[in-house]
Amino acid sequence: MPITYNKRLNQFHLCNDSLSYIIEIREHKYVTHVYYGKRIESFDHAGAYPDVARASFSPNPAGFEGTSLSLNTILQECPGTDTGDYREGLAEFTFADGTTAFNFTYDGYEIRKGKEPLPGLPSTYVEGDDEADTLVLSVSDTVRKVGAQLTYTIYRARPVVTRSVSYVNNGTAPVRLDKALSMCVDFDDADFDLLQMPGEWASEKQLKRDHLSNGVHVLESRRGASSVAQQPFMALMRPHADEFQGDVYGFHFVYSGNFRFVAQVDPFQQTRVLGGINPFNFGWRLEAGQRFQTPEMVMVYTDSGLNAMSQAFHDLYRRRLARGEYRDAQRPVLINNWETTYFDFDEERILALAKKAKAIGVEQFVLDDGWFGHRDDDHSSLGDWVTNERKLPHGLKHLAEAIEAEGLKFGLWFEPEMISEDSDLFRAHPDWHLHVPGYPSSKGRDQLILDFSRQEVRDEIFAQMTAILDEVPVSYIKWDMNRNMTEVGSAGRSAHDQLQTSHRYILGLYEFLDRLTKRYPHILFENCSGGAGRFDPGMSYYMPQSWTSDNTDSFERLRIQHATSMIFPPVMMCAQLSESPNDQVGRITSLSSRAAVSMSANFGIMMDLTRKSQAELDELATYISAYKEVRSLVQFGDFYRLLSPFDGNYGCWEFVDAVRTRGRLMFFQVLSHASKPWVRLRLRGLERGGTYEVAYAGSTRKERFSGAELMEYGLYLNHDLEGDFAAKVVDFSLVEGSF
Ligand code: GLA
């Protein structure tokens, strides 16, 4: 049984083949943490955490006789505020009397089979109750009359525990919930490195790893979106841990708005990890009996390094976060017109591009920004989702049908959450954007943010979008979001509920996406926010793929895709091959190396095919047909990072199918050097006793090796690579198995 309650020890043990998570109720009331790590088959330590006074400045809880217990030093699951634990707490309230002290103590538990969805929120799921088990601990403060349900789900066959909290006002007077985190994990030591993914526009997810030291380390977004600046992710890893060995604890928040992660090392060298909605610009008035449900935190533990952590996230997100018709379906090769035309296109130009795209094997056309209102640049028309008849005089339906007649599917760009001041919608509803009345509104890309916390605002945009989608054969939507929040106020909310706005916005967005994806189950959605500005598991629940970055330079992409793969599988990343010199960084790279990077995720093209020579078109056609041959492997195989472009001059990724019969290496050289050291690389995930045929793209060379040979000795990869930014593609397939 994956969750057991040991009455004698007053302990709960969540356990599967990989991990154990142990909670103990101390003194019959304090919900304390005992252990999180590698599976312990049976656990018999009673009250193992040493029961001695640690320091005189650590207070003892009211009603406790003696000095051996302090909330400031013990390991806790749901630490309160202002009651003796000076570390950061899980929650904060302001009570009717204006004070904040409270502490949750244990009331009871329930163990259930399966996993429940979270109302109104995205979350990981199960398809049968035998996939996971759930523990719900009820805690409360009987004086303050507030409580919480702490929910833990352990998957039976994944190294995954998920957490969320539902807070409740049990009293008769309203209270304000000022901080409502989803998770606290206390470790009794601090020998960790912290891995994070800071970034910026066109430079998303730059991996950073530092040793943890004392104090409070915060990773957060205050931008109203999960943002480019930080991914809602944190990993703690043992200093010796690397890609393939060592303890790694990954935490990823299934939410698309403001978040806060804390790693706090206390004076006793204990580490507290907290995560959830950012208390910044947040406050939730709970009337008597009302509840607040937090989003979900996904926790992955492995003793086998970062690669195993990533594979656990990949498989969970691919199969039990993403949903809909496209979850298990191969994704189309697409062309997007953005970098080719920007705003400057008409029907003729789009059709010419589509015709060329079809000829080289592209399957999906995506018409980007500029098809609506009177939008010729980024200063107008957001909010007016009606066809721009000057550019498309025969209408969108006509264009879509013409593209379908060419043999391509038709897709469309929307930025539904935004409004331009120069729009009919703004003229009709000048208070429908997030703003503080009487205070000037900051602009981002010359646009304002529609107040998606309001139902009537969402309904208007929904009506505009459905008017198009009901008429035009759209099979793909790129949903964009190109600025972050400022002056977060809602004209639809009274003064004491203003601090609900940024979270209600995200709930409104989820409600909208739920409606839209249910109404159009055949549409494949691409999540975009000026690149990966909101590429998070919350959005991935509704949209199974995301634009990985506006930076399409293949060698910048090498790093961005490498870091993205820490948490997201390749099938969730859109990677379009673009022009050289590159539009963002001006770098000149070969078509083959650009293709290799794009072919390592969901392949697409963002090039002006109407200006390419026949030789270039033929070369592109070769890549597309080669990609189609390995598409299921790349999109649904196991993914390994063998060499990191963050660590040196090379990057290498490996894809292996589930039954180990087929694989592919993508090897990248950043700069070419004379007298360079050879790179001999060991492969992963093969059948040791099988014989594999190894084929090198662009050459007739073929060799045969055993799986053991490839995994222990490996292959020399860089000796015959010439030039900067060069790539080598190696395929292997099982010719004789030991099955
Ligand atoms: C954002 C997206 C781009 C493109 C433009 C259109 O920057 O990331 O891919 O769609 O908007 O304005």
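Order of listing sets the numbers, starting from 1, for every ligand and every atom in it.
- The number of heavy atoms from other shown groups lying within 6.0 Å of NZ (K409) does not exceed 12.
- No N or O atom of S529 sits closer than 3.5 Å to an N or O atom of ligand 1.
- For ligand 1, the atoms lying closer than 4.0 Å to a non-hydrogen atom of C528 are 2 (C), 8 (O).
- Among C528, S221, S546, S256, the one residue that satisfies the side-chain contact (heavy atoms from CB on, under 4.5 Å) test with R534 is S256.
- The closest approach between K478 and ligand 1 falls below 4.0 Å for a heavy atom of the residue.
- At distances below 3.5 Å, not a single donor-acceptor pair connects side-chain atoms of R331 with backbone N or O atoms of M572.
- F555 does not carry R587 over the face of its six-membered ring by the limits of under 6.0 Å from the centre and within 45° of the normal.
- Here M606 has no heavy atoms under 4.0 Å from ligand 1, in either its backbone or its side chain.
- Test L469, D369, D480 against F414 for side-chain contact (heavy atoms from CB on, under 4.5 Å) and you get one pass: L469.
- Closest approach of G250 and F233 over heavy atoms only: CA-CE1, 4.4 Å.
- Close contacts of ligand 1 with G531, meaning ligand atoms under 4.0 Å from a residue heavy atom, involve 8 (O).
- By the 4.0 Å N-to-carboxylate-O rule, K612 lies close enough to E579 to be salt-bridged with it.
- Within ligand 1, counting atoms from 1 as listed, the ones closer than 4.0 Å to a heavy atom of R445 are 6 (C), 11 (O), 12 (O).
- Between K391 and D376, at least one side-chain N (NZ, or NE/NH1/NH2) sits under 4.0 Å from a carboxylate O, which counts as a salt bridge.
- Atom 4 (C) of ligand 1 has its closest protein heavy atom at D368 OD1, 3.4 Å.
- When each atom of ligand 1 is checked for a heavy atom of N482 under 4.0 Å away, the hits are 1 (C), 7 (O), 11 (O).
- If you number the atoms of ligand 1 from 1 as listed, the ones under 4.0 Å from a heavy atom of W547 come out as 8 (O), 9 (O).
- Residue nearest to atom 2 (C) of ligand 1, selected from D480, N337, D369: D480 (by heavy-atom distance).
- Of all the atoms in ligand 1, the ones that sit under 4.0 Å from a non-hydrogen atom of D550 are 1 (C), 2 (C), 3 (C), 7 (O), 8 (O), 9 (O).
- Of all the heavy atoms of N336, none lies under 4.0 Å from any atom of ligand 1, so neither backbone nor side chain is involved.
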